[in-house]
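Worksheet for the structure shown next.
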Amino acid sequence: MTESLNALWADWKTTRSIISCFIDELSDADLDKILPRKVLNTIRLQAYELTLFQRDIVDSLSTGTVDFGTEYIYEVWSKDALTKRMAELDAALEKKLETMNGTEIIDYYGEKYNVHRILSMLTGHENMHVGQIIAFCYATGIKIPESISEPMALEG
């Protein structure tokens, strides 16, 4: 993996660890608490959507084309199933990145994106959900785990 891809990979792992902490440390009741959002109205559903998005990004690194063409059907997965799926996708992503030299171009709806931009987009998407989840925790009274609130200097 190139130095620049390795740096983006490190950023990805940091971001993914936040979502993993929410899954691991929140109760099932908190993961399933209804949030003020349409469709992805629980933290569990948001986490599941992240696996679908990542799957499509990982696939694009092999196919050369980002395709979100398959309609996402949201399922309620257990904490263990979500954690396992995220680990599988992370391993597949890392394996693919290890074969890349950083010059690979991915077609993103007719636009040509360098692999760096694709990985940055994946991390940005995950971070957007992190922000939503934190805001929803504040709005709905879900206590943010200390493993997240402390390093992020959040008010638990």
Side-chain heavy atoms of L89 within contact of R85, under 4.5 Å = yes

Consider only side-chain heavy atoms of I, L, V, M, F, W and Y, link residues closer than 4.5 Å, and tell whether F136 and V76 are in one cluster.
-> yes

Do L119 and F68 sit in the same hydrophobic cluster, where Ile, Leu, Val, Met, Phe, Trp and Tyr count as joined when their side-chain heavy atoms come under 4.5 Å apart?
-> yes

Side-chain touch I134/F22, heavy atoms, less than 4.5 angstrom = yes

Residues forming a side-chain contact (heavy atoms from CB on, under 4.5 Å) with D30, sequence neighbours excluded = L26, S27, I142

S120 (side chain) donor-acceptor with R117 (main chain) under 3.5 angstrom = no

When rounded to the nearest 0.5 Å, the distance separating CG of D107 from NZ of K112 is 4.0 Å

Parallel under 30°, tilted from 30 to 60°, perpendicular over 60°: which one fits the rings of Y108 and Y113?
-> parallel

Less than 4.5 Å apart, any side-chain heavy atom of T65 and any of I106?
-> no

Please list all pairs passing the ring-ring contact (aromatic ring centres under 6.0 Å, His included) test where one or both residues lie in residues 78-103, with sequence neighbours left out.
-> none

Indicate yes or no: at least one non-hydrogen side-chain atom of T83 is less than 4.5 angstrom from one of W77.
-> no

State which residues pass side-chain contact (heavy atoms from CB on, under 4.5 Å) with K79; sequence neighbours excluded, sorted by chain then number.
-> I23, D28, L31, R44

More than 12 heavy atoms of other residues, nucleotides or ligands under 6.0 Å from CD of E75: is that the case?
-> yes

Let me check something: any side-chain donor-acceptor pairs from residues 92-102 under 3.5 Å, sequence neighbours excluded? List them with distances.
unit_1: T99; atom_1: OG1; unit_2: K96; atom_2: O; d: 2.7
unit_1: N101; atom_1: OD1; unit_2: T103; atom_2: N; d: 2.8
unit_1: N101; atom_1: OD1; unit_2: T103; atom_2: OG1; d: 2.5

Do D90 and Q54 meet the criterion of a side-chain donor-acceptor pair at a distance under 3.5 Å?
-> yes

Is the closest side-chain heavy-atom distance between W12 and L122 below 4.5 Å?
-> yes

Side chain to side chain donor-acceptor pair (under 3.5 Å) filter on S147, not counting sequence neighbours, yields E25

Going only through I, L, V, M, F, W and Y residues with side-chain contacts under 4.5 Å, is there a path from M152 to I133?
-> yes

Can you name the side-chain contact (heavy atoms from CB on, under 4.5 Å) partners of E49, sequence neighbours left out?
-> L40, F53, Y72, Y74, H125, H129

